[in-house]
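This report concerns only the one structure given below.
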2 protein chains.
Amino acid sequence: MLIRLDPASAEPLFAQLAAAVRGAIARGDVAAGERLPSARVLAESLGLNVHTVLHGYQQLRDEGLVELRRGRGAVVTEAGASGLARLHEAVAGVVAEAHRLGLSADELTALIRREYS
Amino acid sequence: MLIRLDPASAEPLFAQLAAAVRGAIARGDVAAGERLPSARVLAESLGLNVHTVLHGYQQLRDEGLVELRRGRGAVVTEAGASGLARLHEAVAGVVAEAHRLGLSADELTALIRREYS
DNA sequence: CAATTTGTTCTATTAGAGCTAGAACAATAC
DNA sequence: GTATTGTTCTAGCTCTAATAGAACAAATTG
């Protein structure tokens, strides 16, 4: 699971990290039941603070994608993995369409959020 | 054009405002060539600072959705209106699918961003 | 033309989020 | 029992968002 972060981005590091893991789950790179690297290990390899990594993990937990337990780490949940996988194709289609129209990710996500409310 | 803002949200007010206008354009509530309320007027009615509203308008200008001119205000562009309208249906479909899966707006937008890169 | 409207630019201040840092603690794994 | 790992707490730093006030420039309006 390769994780690329952009410290210059307006998107917070913890959110970028969560998005990277989320994407990995959606693409099936990480299966349900698999353990993610521990926060301390991942923080070390990414050059981040442990708290920042844990913040990202906790966001994924709030979304129901992973479970966090002391001594064991972060484990991908069954529900999270299957749900995301099903959505992946539809998302790819919309993104392609938006790309064709020359829209930015910000514009598209703004539309999404508007539709949600 | 009804605009609802949530001061407690993590999303900045200027971004929420831009998203609201963007959604109005996408749904056809505001047609190309139409003028948006002036920044001073809108700031007054929303209880915001003029700069905050202008910040939102300027974001929309950077996205090519509106034109800003002194004395005239913010006008919806032809390109912006037509482009967003075409995307609207596809977005609605994906959001419905995501909703069915019980996913949050954050999860979905994270997938979108992941797909963009 | 003159007055009004409206966006632009500038400086300044305040409040909050994000990130880092260090430490102590609790539950789980081995 | 020991090591691992998430949890919680305090602290400080930086940057962005938001507010505020003022002066200015361009376009509209009458």
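When all heavy atoms are compared, the tightest approach of B:Ala18 to B:Gly56 is CB-O, 3.9 Å. Of all heavy-atom pairs spanning B:Ala39 and B:Val50, the tightest one is CB-CG1, 4.2 Å. Between B:Leu17 and B:Leu5, the closest heavy-atom pair is N-CD2, 3.9 Å.
C:dT8 atom P lies 14 Å from atom CD of B:Gln59, rounded to whole Å. Nucleotide D:dT16 holds its P atom 15 Å from the CD atom of A:Glu11, rounded to whole Å. What separates CG of B:Asn49 from P of C:dA12 is a distance of 17 Å, to the nearest Å. Counting to the nearest Å, the C1' atom of C:dA27 and the CD atom of A:Glu67 are 15 Å from each other. Distance CG (A:Leu46) to C1' (C:dT20): 15 Å, rounded to an integer number of Å. For the pair A:Asp62 CG and D:dT7 P, the interatomic distance rounds to 10 Å; values are reported in whole Å. Atom CZ in B:Arg69 sits about 7 Å away from atom P in D:dA27, given to the nearest Å. Whole-Å rounding puts the B:Phe14 CZ to D:dT19 P distance at 12 Å.
At the phosphate of C:dT6, OP1 or OP2 sits under 4.0 Å from a side-chain N or O atom of B:Ser38.
Taking 4.5 Å as the limit, some side-chain heavy atom of A:Arg69 sits within range of a side-chain heavy atom of A:Glu67.
For B:Arg70, the listed nucleotide lying nearest its side chain is C:dT8; candidates were C:dG18, C:dT8, D:dA18. For A:Arg72, the side-chain atoms get nearest to C:dA29 when compared with the rest of C:dA29, C:dA21, D:dG6. Comparing atom distances between the B:Thr52 side chain and each of D:dT5, D:dT19, D:dT29 picks out D:dT19 as nearest.
Among the protein residues, A:Leu68 comes within range of the sugar-phosphate backbone only, with heavy atoms under 4.0 Å from sugar or phosphate atoms but none that close to a base.
Of the two residues near DNA chain D, B:Gly71 and A:Tyr57, the one whose nearest nucleotide lies more 5' is A:Tyr57. Heavy-atom nearest nucleotides on DNA chain D were determined for B:Arg40 and for B:Val50, and the one closer to the 5' end corresponds to B:Val50.
Judged by distance alone, with hydrogens and angles left aside, the side-chain atoms of A:Arg35 form a donor-acceptor pair with the main-chain N or O of A:Arg72 at under 3.5 Å.
Residue A:His51 places a side-chain atom within donor-acceptor reach of the base of D:dT8, judged by atom type and a 3.5 Å distance cut-off alone.
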